[in-house]
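Within every chain, numbering begins at 1; the chains are lettered A, B, ... in the order of the sequence lines, protein sequences first and strands thereafter.
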Amino acid sequence: MRLFKQKEEFRKVLISWYLREKRDLPWRRTSDPYHIWVSEVMLQQTRVETVISYFERFIDKYPTVFDLATANEEELLKVWEGLGYYSRVRNLQSGVKEVAANYGGIVPSTRGEISKLKGVGPYTAGAVLSIAYNIPEHAVDGNVMRVLSRILLIEDDIAQPKNRKIFEEVVMELIDKEDPSSFNQGMMELGALICTPKPKCLLCPVQQFCGAFHEGKQEELPVKLKKVKKKIVPVFSFALQNEKGEWLLMKRPETGLLANMWEFPMIEMEKNISAEQALYEKFGVKIKHLSPEIRFKHIFSHLTWEIQSFHGIINELPLKQFQFFSEEEVEALPMPVPVLKIWTELKSR
DNA sequence: AAAACGGGGTC
DNA sequence: GACCCAGTTTT
């Protein structure tokens, strides 16, 4: 392909564009591998603008590997609250603990070692190695696959896991050995700013290298076939107070959806059961008066909750496994966004 | 290989 | 409503 003869020119153009146009982001003001690592984990499936404030707060609170290694898990979840994919932060702490214990607090600098850390997959490994240590390793994310599929007219389905290897091999052929950090970040920045799903080819610094542009196929690439059919799950949510005005919250299981987050008791709605019946059957609690609160949908990547929330007062003696919290205590617990939404609504009354 | 795993911005 | 975002882990 044409590009093969112009690899050096491509690198030069890409990197000079990147150095000129790159956004000023907090994690670009540091070379601390741990800080870079944190940013990469936060950025997984998450937009840059969303991550910025979380990153600054997180680094402020946990400036070193050792600060994070010794952090309290519930406090950690609270800092992550609203970011989503909460297993990321538990895996991150697990990985950081290993670095503190087995690597003297120094993030390892080989793909073999860093990839063994919890939460560090092929992308994050390559990103930390190239950005923090300037090692020529591939870091293939959605941006890079989109950019390369267009430049090289790669029509393999990027939703298929086995095809990721194609892009990794291309990057290893193409990467700049002198400045792999700017090369990888340049590819991603290009995907974020120019080679977007709806590409801005007229502004593109590497337009001359782009096979898709020459053939007018930039809108058709990359090929991505996977389609997910989402389930709809109707749920009841019960905000219950005891006679002292305290709130009943329950901690979700330690694995699965929203692991270890706190919520008002929630019940998946079956058949045409009433809220009162559901509450009695699941928790053995009888409520005199259950008043309907807000109804709304909460959309996850793989399912949708249709939430009907209720408010009620518990008069009878609560079971011992139930925990009640004051308003201040509730606010300190990590809660997922749909629960925060109900809570905010209740407080506004 | 496919599904699970959050939340929000955009067109 | 569909897409998709600096993906990884579990099944």
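Using a 4.0 Å heavy-atom cutoff across all strands shown, Trp27(A) reaches at least one base atom of the nucleic acid. Residue Lys198(A) is out of contact with every strand shown, counting any heavy-atom pair closer than 4.0 Å. No engagement by Arg252(A) is indicated, since no non-hydrogen atom pair under 4.0 Å with the nucleic acid exists. Residue-level contact check: Asn184(A) touches neither bases nor backbone, having no heavy atom under 4.0 Å from any strand. Among the protein residues, Pro222(A) comes within range of no part of the nucleic acid, since none of its heavy atoms lies under 4.0 Å from any strand. Residue Leu258(A) is classed as a sugar-phosphate contact, given heavy-atom separations below 4.0 Å to backbone atoms only. Counting any heavy atom pair closer than 4.0 Å across all strands shown, Arg28(A) reaches a base atom. As judged by a 4.0 angstrom heavy-atom cut-off over every strand, Ser39(A) is placed among residues making no nucleic acid contact. Residue-level contact check: Val48(A) touches the bases, meaning some heavy atom is under 4.0 Å from a base atom. Counting any heavy atom pair closer than 4.0 Å across all strands shown, Gly191(A) reaches no nucleic acid atom.
Checked against the 6.0 Å centroid threshold, Phe325(A) and Trp262(A) count as a close aromatic pair.
What separates OH of Tyr123(A) from C1' of dC5(C) is a distance of 11 Å, to the nearest Å. Rounded to whole angstrom, the span from the CZ atom of Arg146(A) across to the C1' atom of dC4(C) amounts to 8 Å. Between Arg88(A) atom CZ and dC5(C) atom P the separation is 14 Å, expressed in whole Å. Regarding Lys230(A), its NZ atom lies at a distance of 17 Å from the C1' atom of dA2(B), rounded to whole Å. What separates CG of Asn91(A) from C1' of dC5(B) is a distance of 11 Å, to the nearest Å. For the pair Met145(A) CE and dA6(C) P, the interatomic distance rounds to 12 Å; values are reported in whole Å.
The closest side-chain donor-acceptor pair between Glu331(A) and Trp343(A) falls under 3.5 angstrom.
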Which is it for Arg111(A) and Glu137(A) under the salt bridge (Lys or Arg N to Asp or Glu O under 4.0 Å) test, yes or no, and what are the steps along the way? CA-CA 8 Å; Arg111(A) 186 175 282 274; Glu137(A) 284 284 350; 2.7 Å; yes

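The distance from atom CH2 of Trp27(A) to atom CZ of Phe55(A), rounded to the nearest 0.5 Å, is 7.0 Å. Here the CD atom belonging to Gln93(A) is positioned 13.5 Å from the NZ atom belonging to Lys118(A), to the nearest 0.5 angstrom.
Between Thr124(A) and dT8(C) there is a side-chain polar atom (N or O) within less than 4.0 angstrom of OP1 or OP2. Within the 4.0 Å cut-off from OP1 or OP2 of dG7(C), at least one side-chain nitrogen or oxygen of Gln45(A) is found. Remark: His302(A) is in phosphate contact with dC5(B), judged by side-chain N or O atoms under 4.0 Å from OP1 or OP2.
One donor-acceptor pair, N or O on each side, does fall under 3.5 Å between the base of dG6(B) and the side chain of Tyr85(A). Side-chain to base pairing of Thr46(A) with dG7(B): no donor and acceptor N or O lie closer than 3.5 Å to each other.
In this structure, the nucleotide among dA6(C), dG6(B), dG9(B) sitting nearest to the side chain of Leu257(A) is dG6(B).
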